[in-house]
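Scroll down for the structure; my scribbles are underneath it.
As a basis for the values below, the full set of heavy atoms in this structure was taken, side chains included, without hydrogen atoms, waters or symmetry mates. Numbering of ligands and ligand atoms starts at 1, following listing order. All residue numbers in this chain count up from 1 along the given sequence.
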Amino acid sequence: MLDVPLSPAGCTRYRRVLTAGVVTHEELLIGNRKVLTWDHSPTRSTEQRDADQDGFVERVRVIDRTAAGAFVRTETTEYSPVTQAIIWREVIVPVVAGLRVTQQQADNSGNLWLVANMIVSDAGFDQAASGSSATSVTGANCSAAQLDAAKKALSHGMGVGLTCLQHYKDTGLSLEMMFHYVARDVVIHCMAIPPKPNGKIVGARLHNCGAGQPCPSFNDPSSPIEIDVNTNFFFGLDERDQASTMFHEMLHLNFGGHGGRPPEWDPVESCQSLCFGAGSHPDGPMNPTQCSCATCLRTSKCDPRCKILPSCDQEGLGFLCPCPTGANAGRLFRTCSECLATCPSGLGCFGYSTCIPITQSGCDSTPVSCP
Ligand SMILES: [Zn+2]
C-alpha cells in the first residue's frame with residue numbers, strides 16, 4: 001500500500017491499495033478518518049465522501065464503463081449532512097452529440113426537480129485561456145522548457161486554487177481537487193490547437209474529450225489526467241494566467257464540461273474566477289460576482305462568503321419546464337409566461353402548471369415563483 005503524507009505534519013494522507021498491480025482502492029484521510037474514498041473495478045469506479053468527518057457519506061459518485069473502457073454513465077448524488085436527505089443528483093450519459101447532463105435539485109420539501117438538461121459537446125472541456133504534489137507529470141511532444149513551464153503552472157494553479165477553496169471553507173470541493181492532484185499521474189500533451197469556429201482561442205483542454213470521445217480524464221479516475229496545452233498560445237501567457245488555466249482544467253475533473261451555460265452559472269468558470277479573477281486574456285474568466293461565488297460554492301448569493309462581492313451580471317437564467325419526459329422536458333424559457341404557455345403541451349408534460357425559476361435571487365426577501 002502506498003501511503004503519502006500531504007501536509008507537513010502528515011495530518012492529511014493519501015493511501016492507495018494495489019491488487020495484482022492494479023489500483024483497486026484509494027483514500028484521503030484527515031488524521032485517522034477517511035474523508036474521501038474511491039473503489040475501482042474494471043467497469044466501475046465508486047467515490048464516497050465524508051468531508052465533515054461525521055461518519056455520514058454526503059456524496060457518492062458512481063462511474064460505469066464497458067470492459068473496453070468506453071464511458072457508460074456517471075451518477076453523482078449529494079445528501080444533506082444535516083437531514084441526510086438527497087439534495088442534488090447529476091447523471092451523465094453519452095449521446096451522439098456528446099454527453100447528456102441532467103441535474104436534479106431538492107426543494108425545501110425534499111422533492112427532486114430537474115434543474116438542468118443539457119448536451120455537453122466537443123467544446124465542453126476547452127478553456128479560453130486566460131502545494132505539494134504526489135503525482136508524476138510527464139509530457140507528450142513537449143520540449144523540456146514547455147514541460148517545465150506546464151508543471152510550474154499546474155503546481156502554482158493548484159496551490160492557489162486549494163488555498164482559495166479552503167479560504168472559502170469548501171472542504172468538500174478542496175478534497176475532490178486534492179484527490180485528483182495527488183492520486184493521479186498527469187500527462188501534458190503539447191500541440192497546436194486551432195481556434196474554434198467562432199474564432200475563440202483555446203489555451204488548454206482535457207485530452208480526448210471531444211464529441212463521442214472517451215474523455216478518460218473525467219470518466220475514469222483511475223487513469224492519468226491528460227491535458228492538451230496549445231503551443232500557439234499557452235506559453236505566451238503570463239504565469240498567473242497559465243496557473244489559472246491549469247486550475248480551470250483541473251476543475252473539469254470534478255464538474256465535467258461547460259454545457260453552454262453562461263459563465264456565472266458554470267461551476268468551472270465560476271470557481272476559476274473566484275480564485276484567480278479575470279486575468280489578462282480577453283476571453284478568459286470574468287471578475288467574480290455574488291452569482292459566480294454561489295455557483296462555485298453551491299450556495300446562494302446571500303451566503304456571507306459571497307455577499308461582499310459585486311452583484312450578479314445575470315441573476316436569473318430563465319424558467320424551466322419541470323416535466324421529466326416529452327419535447328419540452330427540461331426546456332428553459334426566457335419568461336415565466338412563455339414557460340407556462342408552452343411547457344404543458346405534449347403527453348409527458350400534460351397537467352404541469354408550474355415552472356421552476358432558475359435564479360440566484362431566491363434568498364432575497366421576495367422569492368421568485370412561476371406562477
Ligand atoms: Zn473548460
Side-chain angles (χ1 to χ4, degrees), residues 71 74 76 90 92 97-101 103 116 118-130 150 153-154 156-158 160-161 164-165 173 176-177 180-181 184 186-191 193-219 221 225-234 237 240-288 291-292 295-296 298:
F71 176 57
T74 290
T76 308
E90 179 183 72
I92 304 177
L99 299 169
R100 175 173 291 281
V101 179
Q103 294 171 343
M118 57 201 172
I119 304 284
V120 178
S121 65
D122 60 341
F125 292 89
D126 296 346
Q127 152 62 347
S130 75
L154 180 64
H156 183 178
M158 287 303 291
V160 171
C164 160
L165 294 176
L173 181 55
E176 303 288 344
M177 298 297 289
H180 291 293
Y181 189 46
R184 302 175 67 182
V186 178
V187 182
I188 304 289
H189 295 261
C190 293
M191 61 171 74
I193 304 174
K196 294 196 217 179
N198 64 8
K200 280 208 170 172
I201 295 165
V202 176
R205 65 185 181 196
L206 289 188
H207 185 67
N208 219 351
C209 286
Q213 292 184 314
C215 201
S217 298
F218 178 66
N219 294 322
I225 299 161
E226 296 186 76
I227 299 173
D228 294 341
V229 162
N230 187 355
T231 49
N232 289 336
F233 185 75
F234 180 86
L237 293 171
R240 191 269 286 263
D241 281 349
Q242 288 187 7
S244 171
T245 299
M246 284 300 190
F247 184 59
H248 174 112
E249 293 314 318
M250 295 295 282
L251 287 164
H252 277 306
L253 304 171
N254 182 63
F255 289 118
H258 291 292
R261 289 168 280 190
E264 275 176 304
W265 291 80
D266 176 338
V268 171
E269 297 282 354
S270 292
C271 291
Q272 183 187 9
S273 73
L274 188 63
C275 293
F276 283 89
S280 58
H281 186 248
D283 289 334
M286 66 245 155
N287 282 311
C291 281
S292 60
T295 298
C296 175
R298 191 94 58 73

Inset, instruction - Just say parallel, tilted or perpendicular for the rings of His252 and His258, cut-offs at 30° and 60°. - result: perpendicular

Legend entry - Partner residues of Cys164 under the side chain to side chain contact (heavy atoms under 4.5 Å, CB included) criterion, sequence neighbours left out: Tyr168, Cys275

Inset, instruction - List in chain and number order the residues that pass side chain to side chain contact (heavy atoms under 4.5 Å, CB included) with Asn287, two or more places apart in sequence or in another chain; answer none if no residue qualifies. - result: Ala278

Legend entry - Closest approach to the Zn ion (ligand 1) by His258, given as the N, O or S atom name: NE2

Inset, instruction - Could you tell me which N, O or S atom of His252 is nearest to the Zn ion (ligand 1)? - result: NE2

Legend entry - Atom name of the N, O or S atom in His248 that lies nearest to the Zn ion (ligand 1): NE2

Inset, instruction - Kindly say whether Val101 contributes a backbone atom to a donor-acceptor pair with the side chain of Glu90 at under 3.5 angstrom? - result: no

